[in-house]
Each structure stands twice: as C-alpha cells, then as structure tokens.
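Whatever order the structure lists them in is the order used to number ligands and atoms, beginning at 1. What you see below is based on every heavy atom in this structure, not just the backbone, and it leaves out hydrogens, waters and symmetry mates.
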Amino acid sequence: MTQSQTLPDHVGIIMDGNGRWATARGLSRNRGHKRGAEVFGEIVRHAKRLGIPYLTVYAFSTENWNRPPQEVAGIMDLLRGYLRDADRYRKENVQTQIIGDKAQLDADLVEMIAKVEEGSRNNTGIHVNIALNYGGRDELVHAARKIAAMILEGSIPLQSVDHSMLERCLYTAGQPDVDLIIRTGGEQRVSNFLLWQGAYAEFVFTPTLWPDFTAADLDAALEEFSRRERRMGGI
Ligand code: FPP
C-alpha cells in the first residue's frame with residue numbers, strides 16, 4: 001500500500017475455497033472453514049489498520065442450507081465463537097453487524113447477534129458486515145415488502161419511492177456502496193452477493209483459496225483497484 005493509492009470506502013469479500021483447501025490436506029471441510037474464520041479475523045485487523053471504513057464478508061448464503069447438516073452446524077458454531085468473544089470488539093474497536101435474514105437462525109444465535117450489534121454500535125475503527133443467511137435477491141424482496149407495507153398503511157405516497165428510499169430499506173442502510181468485491185477460490189461470478197450495492201463495483205478475482213489469503217493479497221487487490229479507471233456509467 002502506498003500513500004497515493006485510492007482506498008475503497010467499502011470492500012466486499014466472497015471467501016471461497018475453504019472446502020478445497022481442507023480436502024487437499026486430507027482434512028474435513030469444517031477444518032477449512034475454521035482456518036477461514038481465522039483468516040477473516042486477520043483480514044479485519046489489516047483492513048482496519050489500512051483505514052478501510054466498511055468491510056462485508058460473505059459467510060453463509062441463503063443457498064448454503066443445502067450443504068450437509070454437519071457442515072452448516074460447523075459454520076454456525078464458528079460464528080457463535082466469534083460473537084461470543086464480546087471483549088474483542090471493545091479492544092479492537094470493530095463495529096459488527098450481521099446482514100441477512102435472521103428469521104431462520106437459531107434463537108441463541110439471534111440473541112448473540114443482537115448483543116454484539118448493540119455492544120459494538122459506537123465503535124469507530126471499522127464497520128464489518130457479516131453476511132449470514134444472506135442473498136442479494138432476498139434482500140431486495142425484503143426491501144420491496146417494507147416499502148409496500150409503508151404504502152399500504154398510507155405512511156408514504158407511491159411517488160416517494162426512489163433509489164434512496166430503496167437503499168434505506170436494505171440491510172446496509174446508511175452505508176456506502178461496495179466499490180471493490182474480491183472473490184477468492186478461482187470462480188468468477190457474483191453469486192447473489194450485494195446485488196444492489198455492487199452495481200458499480202470493481203471485481204478482483206484470485207485463484208488463492210480463502211484459507212491461504214493473506215494481508216499481502218489484500219494489499220495486491222487494493223493496488224489493482226486503485227489502477228482501475230472508474231467511470232460509473234460516464235465517459
Ligand atoms: C466457501 O468455501 C465458504 C463458505 C461457504 C463459508 C465461509 C465461512 C467462513 C470463512 C467462516 C465464517 C466465520 C466467521 C467468523 C465470519 P467453500 O466451502 O464453498 O469452498 P469450496 O468451494 O472449496 O468447496
């Protein structure tokens with residue numbers, strides 16, 4: 001990272017490749033996720049050091065329920081482990097938010113999430129969104145329902161529905177659009193991640209599997225981002 005680089009306001013990461021990393025080592029897929037959760041912690045700290053204001057990571061999609069129950073339970077337990085460590089947020093000054101549909105999550109997890117979101121609300125180091133039971137299309141349906149309900153109850157007129165109102169109904173209300181999406185693990189697709197917020201995002205794809213991703217890899221992605229010419233639909 002050099003001083004003159006343009007830093008994104010909001011970085012999104014699709015943390016792909018945990019399963020392959022584990023299989024290549026003869027380990028269970030859950031061991032790959034465990035290493036993935038450790039890397040997540042390291043990347044949050046590095047992003048904070050660099051001064052990136054917002055970071056969103058894709059931890060569990062609305063489609064991931066199709067995985068074997070043991071794998072789903074393993075990922076949920078890693079999240080519990082992260083959330084349980086409430087002291088960490090105070091020390092590290094990280095504001096943590098969970099984005100996604102919480103209705104399907106276990107009650108204890110929902111309770112932990114509420115505590116961490118409340119307890120870290122005033123932290124200013126970096127804002128981290130963990131996308132959990134998240135899908136971009138789901139998020140838009142959720143926003144559309146919120147708006148429809150307001151119209152039906154007569155609290156807003158149809159004419160007031162515009163981009164900014166829809167944005168205020170997203171899980172990421174009040175946050176800047178994501179300007180850089182990094183996907184590890186070699187696939188080159190968006191997989192239902194931040195569909196609205198990433199309308200003008202730059203993408204950096206890397207074959208590196210998430211458990212092997214390092215602070216230097218984040219630096220390289222940021223350098224690549226700063227070289228891109230962003231026209232946002234202009235000329
Ligand atoms: C994708 O790799 C990864 C996931 C579906 C889970 C990501 C979850 C974590 C990194 C742990 C989250 C925990 C915290 C605390 C944020 P994959 O399993 O699809 O890998 P593969 O493509 O190699 O099979």
Side-chain angles (χ1 to χ4, degrees), residues 11-48 52 54-89 91-92 94-102 104-106 108-110 112-113 115-117 119-120 126-136 138 171-172 181-194 205-215 217-218:
V11 175
I13 306 185
I14 303 177
M15 310 181 288
D16 203 4
N18 296 342
R20 279 166 284 163
W21 180 91
T23 305
R25 285 162 180 75
L27 302 170
S28 69
R29 292 178 58 84
N30 282 354
R31 286 288 298 278
H33 296 314
K34 183 167 185 283
R35 177 66 200 137
E38 288 162 11
V39 170
F40 159 74
E42 290 158 19
I43 292 302
V44 167
R45 276 188 288 279
H46 189 58
K48 193 185 78 171
I52 293 170
Y54 290 86
L55 175 69
T56 301
V57 295
Y58 211 175
F60 194 87
S61 76
T62 45
E63 288 72 39
N64 286 152
W65 295 106
N66 298 328
R67 296 190 174 212
Q70 197 189 350
E71 184 173 344
V72 172
I75 296 175
M76 295 300 166
D77 278 347
L78 287 170
L79 284 151
R80 280 189 182 87
Y82 180 79
L83 295 169
R84 203 172 286 127
D85 195 359
D87 238 23
R88 173 187 311 191
Y89 315 104
K91 276 196 228 111
E92 299 191 5
V94 174
Q95 182 176 354
T96 302
Q97 184 179 340
I98 304 296
I99 61 168
D101 182 4
K102 293 169 191 152
Q104 267 172 286
L105 302 177
D106 289 347
D108 71 305
L109 195 51
V110 174
M112 289 173 97
I113 290 169
K115 257 194 207 149
V116 167
E117 287 185 339
S120 71
I126 184 170
H127 186 121
V128 175
N129 298 312
I130 301 178
L132 180 59
N133 194 24
Y134 174 87
D138 236 44
Y171 298 130
T172 54
I181 295 179
I182 300 168
R183 182 171 188 149
T184 62
E187 309 289 358
Q188 304 197 349
R189 51 176 171 259
V190 71
S191 297
N192 206 10
F193 185 53
L194 301 178
F205 298 109
T206 167
T208 302
L209 303 176
W210 177 249
D212 291 326
F213 194 81
T214 62
D217 292 320
L218 178 59

For [atom], what's the nearest protein heavy-atom neighbour? Residue, atom name and distance, please.
atom: atom 6 (C) of ligand 1; value: Ala59 O, 3.3 Å
atom: atom 5 (C) of ligand 1; value: Asn64 OD1, 3.6 Å
atom: atom 11 (C) of ligand 1; value: His33 O, 3.9 Å
atom: atom 20 (O) of ligand 1; value: Gly19 N, 3.0 Å
atom: atom 15 (C) of ligand 1; value: Tyr82 CB, 3.7 Å
atom: atom 1 (C) of ligand 1; value: Met15 O, 3.2 Å
atom: atom 14 (C) of ligand 1; value: Leu79 CD2, 3.9 Å
atom: atom 19 (O) of ligand 1; value: Arg67 NH2, 2.8 Å

Taking distance alone, with N or O pairs closer than 3.5 Å, would you say [X] contacts ligand 1?
X: Ala37; value: no
X: Asp16; value: yes
X: Arg20; value: yes
X: Asn18; value: yes
X: Tyr58; value: no

> Under a heavy-atom criterion of less than 4.0 Å, does Arg29 contact ligand 1?
Replying inline: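 Contact present.
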> So Phe40 and Phe213, ring-ring contact (aromatic ring centres under 6.0 Å, His included) or not? Walk me through it.
Replying inline: CA-CA 9 Å; Phe40 159 74; Phe213 194 81; over 10 Å; no
Non-hydrogen side-chain atoms of [X] and [Y] separated by less than 4.5 Å:
X: Val94; Y: Leu55; result: no
X: Ile75; Y: Asn64; result: no
X: Leu105; Y: Ile113; result: yes
X: Ile14; Y: Ile181; result: yes

>> Quick check: closest heavy atoms across Ile130 and Leu79, and the distance to 0.1 Å?
In response: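 The pair with the smallest heavy-atom distance is CG2-CD2, 3.8 Å.
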>> If the cut-off is 4.0 Å to any non-hydrogen atom of Phe40, which atoms of ligand 1 fall inside it?
In response: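 Answer for ligand 1: 15 (C), 16 (C).
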> What is the ring orientation for Trp65 with Phe60, classed by angle as parallel under 30°, tilted 30 to 60°, or perpendicular over 60°?
Replying inline: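 Trp65 and Phe60: perpendicular rings.
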> Would you find more than 12 non-hydrogen atoms of other residues, nucleotides or ligands less than 6.0 Å from Arg31 atom CZ?
Replying inline: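 Not buried by this count: 12 neighbours or fewer within 6.0 Å.
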> Are there more than 12 heavy atoms of other residues, nucleotides or ligands under 6.0 Å from atom NZ of Lys102?
Replying inline: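 Result for NZ/Lys102: enclosed.
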> Can Glu42 and Arg35 be counted as an ion pair, charged N to O under 4.0 angstrom?
Replying inline: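 Yes, charged N to carboxylate O under 4.0 Å.
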